[in-house]
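What follows is one structure encoded as C-alpha coordinates, with my remarks underneath.
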Amino acid sequence: MIRRQNGGLLAFCPGHNDRKSRSLAANIGREGQILLKCFAGCNVHEITSAMGLSVSDLFPDTSKDKYDPQSRAFFQEWQILEALAFDAAIVLIAAHRLNEGDKLPEADLKYLAEAVIRISEAISYVRRSHAR
Ligand SMILES: [Zn+2]
(Lines give C-alpha, C1' and ligand atoms only; values in the text may rest on other atoms or scores of the structure.)
Protein backbone atom coordinates (compact mmCIF):
# COMPACT_ATOMS: atom_id res chain seq x y z
CA MET A 1 0.00 0.00 0.00
CA ILE A 2 1.34 3.33 -1.07
CA ARG A 3 -0.10 6.73 -0.37
CA ARG A 4 0.85 9.91 -2.18
CA GLN A 5 2.04 12.59 0.16
CA ASN A 6 2.98 16.03 -1.11
CA GLY A 7 5.03 14.96 -4.09
CA GLY A 8 6.58 12.02 -2.29
CA LEU A 9 5.24 8.65 -1.27
CA LEU A 10 4.66 7.08 2.10
CA ALA A 11 4.59 3.31 2.07
CA PHE A 12 4.85 0.32 4.36
CA CYS A 13 8.54 -0.47 4.61
CA PRO A 14 9.47 -3.88 3.17
CA GLY A 15 12.64 -3.90 5.29
CA HIS A 16 10.90 -4.58 8.60
CA ASN A 17 7.51 -5.67 9.95
CA ASP A 18 5.72 -2.44 9.14
CA ARG A 19 1.96 -2.90 9.54
CA LYS A 20 0.77 0.30 11.15
CA SER A 21 2.81 3.30 10.34
CA ARG A 22 3.99 3.59 6.70
CA SER A 23 7.54 4.15 7.80
CA LEU A 24 8.98 4.39 4.32
CA ALA A 25 9.22 7.78 2.62
CA ALA A 26 10.16 7.77 -1.05
CA ASN A 27 10.84 10.57 -3.46
CA ILE A 28 12.81 11.40 -6.57
CA GLY A 29 16.12 13.18 -6.02
CA ARG A 30 17.68 15.93 -8.09
CA GLU A 31 19.70 13.51 -10.16
CA GLY A 32 16.65 11.40 -10.90
CA GLN A 33 17.58 8.82 -8.26
CA ILE A 34 15.00 7.24 -5.97
CA LEU A 35 15.34 8.40 -2.38
CA LEU A 36 14.21 5.98 0.33
CA LYS A 37 14.06 6.66 4.02
CA CYS A 38 12.72 4.28 6.65
CA PHE A 39 11.80 6.07 9.85
CA ALA A 40 12.00 2.84 11.80
CA GLY A 41 15.70 2.78 11.00
CA CYS A 42 16.16 0.29 8.14
CA ASN A 43 19.11 1.28 6.01
CA VAL A 44 18.84 1.54 2.25
CA HIS A 45 20.50 -1.87 1.71
CA GLU A 46 17.92 -3.58 3.91
CA ILE A 47 15.06 -1.88 2.06
CA THR A 48 16.32 -2.58 -1.47
CA SER A 49 17.29 -6.18 -0.75
CA ALA A 50 13.82 -6.82 0.73
CA MET A 51 12.45 -5.64 -2.63
CA GLY A 52 14.89 -7.77 -4.59
CA LEU A 53 16.82 -4.73 -5.79
CA SER A 54 20.30 -3.44 -5.25
CA VAL A 55 21.10 0.12 -4.23
CA SER A 56 22.45 0.86 -7.71
CA ASP A 57 18.96 0.17 -9.11
CA LEU A 58 17.82 3.37 -7.41
CA PHE A 59 20.04 5.46 -9.63
CA PRO A 60 19.25 6.36 -13.23
CA ASP A 61 21.43 4.85 -15.92
CA THR A 62 23.46 7.97 -16.63
CA SER A 63 25.20 6.40 -19.62
CA LYS A 64 21.87 6.57 -21.47
CA ASP A 65 21.03 10.24 -21.18
CA LYS A 66 23.62 12.82 -22.04
CA TYR A 67 24.54 15.43 -19.48
CA ASP A 68 22.65 18.64 -20.21
CA PRO A 69 23.73 21.37 -17.78
CA GLN A 70 20.94 23.70 -18.86
CA SER A 71 18.07 21.33 -18.29
CA ARG A 72 19.65 20.09 -15.06
CA ALA A 73 20.03 23.53 -13.59
CA PHE A 74 16.48 24.52 -14.36
CA PHE A 75 13.77 24.01 -11.77
CA GLN A 76 10.29 25.41 -11.84
CA GLU A 77 9.31 27.13 -8.63
CA TRP A 78 6.43 24.71 -8.09
CA GLN A 79 8.93 21.84 -8.20
CA ILE A 80 10.94 23.49 -5.46
CA LEU A 81 7.79 24.02 -3.39
CA GLU A 82 6.87 20.38 -3.94
CA ALA A 83 10.23 19.30 -2.56
CA LEU A 84 9.77 21.61 0.42
CA ALA A 85 6.28 20.22 1.03
CA PHE A 86 7.84 16.77 1.16
CA ASP A 87 10.36 17.95 3.72
CA ALA A 88 7.53 19.48 5.74
CA ALA A 89 5.78 16.08 5.68
CA ILE A 90 8.96 14.49 7.03
CA VAL A 91 9.03 17.04 9.85
CA LEU A 92 5.40 16.19 10.62
CA ILE A 93 6.22 12.46 10.73
CA ALA A 94 9.10 13.23 13.11
CA ALA A 95 6.82 15.40 15.24
CA HIS A 96 4.32 12.56 15.56
CA ARG A 97 7.07 10.25 16.60
CA LEU A 98 8.26 12.66 19.28
CA ASN A 99 4.65 13.07 20.39
CA GLU A 100 4.50 9.34 20.99
CA GLY A 101 7.45 9.73 23.34
CA ASP A 102 9.99 8.13 20.99
CA LYS A 103 13.45 9.56 20.54
CA LEU A 104 14.43 10.42 16.97
CA PRO A 105 17.29 8.32 15.64
CA GLU A 106 20.50 10.16 14.76
CA ALA A 107 19.88 9.50 11.05
CA ASP A 108 16.53 11.31 11.18
CA LEU A 109 18.10 14.32 12.88
CA LYS A 110 20.70 14.34 10.11
CA TYR A 111 17.96 14.18 7.48
CA LEU A 112 16.14 17.12 9.06
CA ALA A 113 19.39 19.11 9.22
CA GLU A 114 19.87 18.42 5.52
CA ALA A 115 16.30 19.56 4.89
CA VAL A 116 17.13 22.93 6.47
CA ILE A 117 20.13 23.26 4.13
CA ARG A 118 17.98 22.19 1.17
CA ILE A 119 15.36 24.82 1.99
CA SER A 120 17.95 27.59 2.28
CA GLU A 121 19.47 26.46 -1.04
CA ALA A 122 15.99 26.66 -2.56
CA ILE A 123 15.67 30.25 -1.32
CA SER A 124 18.98 31.20 -2.96
CA TYR A 125 17.94 29.40 -6.14
CA VAL A 126 14.65 31.30 -6.39
CA ARG A 127 16.40 34.58 -5.54
CA ARG A 128 18.99 34.02 -8.28
CA SER A 129 16.34 33.15 -10.83
CA HIS A 130 14.53 36.42 -10.10
CA ALA A 131 17.75 38.43 -10.27
CA ARG A 132 18.37 37.36 -13.88
ZN1 LIG B 1 11.95 -0.28 7.63
Side-chain angles (χ1 to χ4, degrees):
M1 276 286 275
I2 282 175
R3 177 190 287 165
R4 272 198 79 81
Q5 172 103 1
N6 296 323
L9 297 170
L10 285 179
F12 294 113
C13 176
H16 72 281
N17 188 12
D18 189 16
R19 294 267 166 80
K20 292 183 273 187
S21 60
R22 294 178 201 274
S23 310
L24 185 67
N27 210 343
I28 303 292
R30 270 190 201 187
E31 313 291 308
Q33 78 276 34
I34 298 167
L35 305 172
L36 296 174
K37 169 72 191 160
C38 172
F39 290 95
C42 298
N43 67 42
V44 70
H45 299 275
E46 290 165 332
I47 300 165
T48 51
S49 67
M51 294 189 290
L53 300 173
S54 69
V55 174
S56 65
D57 292 327
L58 303 178
F59 291 85
D61 188 349
T62 47
S63 60
K64 274 191 236 158
D65 43 21
K66 284 200 185 103
Y67 179 72
D68 179 355
Q70 266 189 330
S71 73
R72 279 218 178 185
F74 188 77
F75 289 95
Q76 301 282 345
E77 285 169 15
W78 66 264
Q79 290 175 309
I80 293 169
L81 288 172
E82 207 174 62
L84 300 189
F86 185 73
D87 284 336
I90 302 294
V91 171
L92 180 62
I93 293 165
H96 274 287
R97 190 170 175 151
L98 291 174
N99 222 16
E100 299 294 312
D102 290 338
K103 283 187 78 175
L104 285 184
E106 205 60 37
D108 288 10
L109 290 176
K110 191 164 165 266
Y111 182 90
L112 294 175
E114 286 162 5
V116 171
I117 294 166
R118 214 166 24 247
I119 290 167
S120 65
E121 282 173 354
I123 294 167
S124 335
Y125 182 86
V126 173
R127 279 213 169 132
R128 274 199 309 275
S129 70
H130 281 280
R132 278 202 292 261

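Atoms within a ligand are numbered from 1 in the order they appear, just like the ligands themselves.
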Next item on the list: Begin with the C-alpha distance, continue with both residues' side-chain angles, and end with the deciding distance and a verdict on side chain to side chain contact (heavy atoms under 4.5 Å, CB included) for K37 and I93.
Entry: CA-CA 12 Å; K37 169 72 191 160; I93 293 165; over 6 Å; no
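A pairwise comparison of heavy atoms in I28 and L35 identifies C-CD1, 4.1 Å as the closest pair. Closest heavy-atom contact between C38 and L24: N-CD1, 4.0 Å. Annotation for R97 and D108: closest pair NH1-OD2, 4.2 Å, computed over non-hydrogen atoms. Residues I47 and C42 approach most closely at CG1-CB, 3.8 Å, considering heavy atoms.
E114 has a carboxylate O that lies under 4.0 Å from a charged side-chain N of K110, or vice versa, which qualifies the two as a salt bridge.
Shown are the protein N/O/S atoms under 2.8 Å from the Zn ion (ligand 1), given by residue and atom: C13 SG, H16 ND1, C38 SG, C42 SG.
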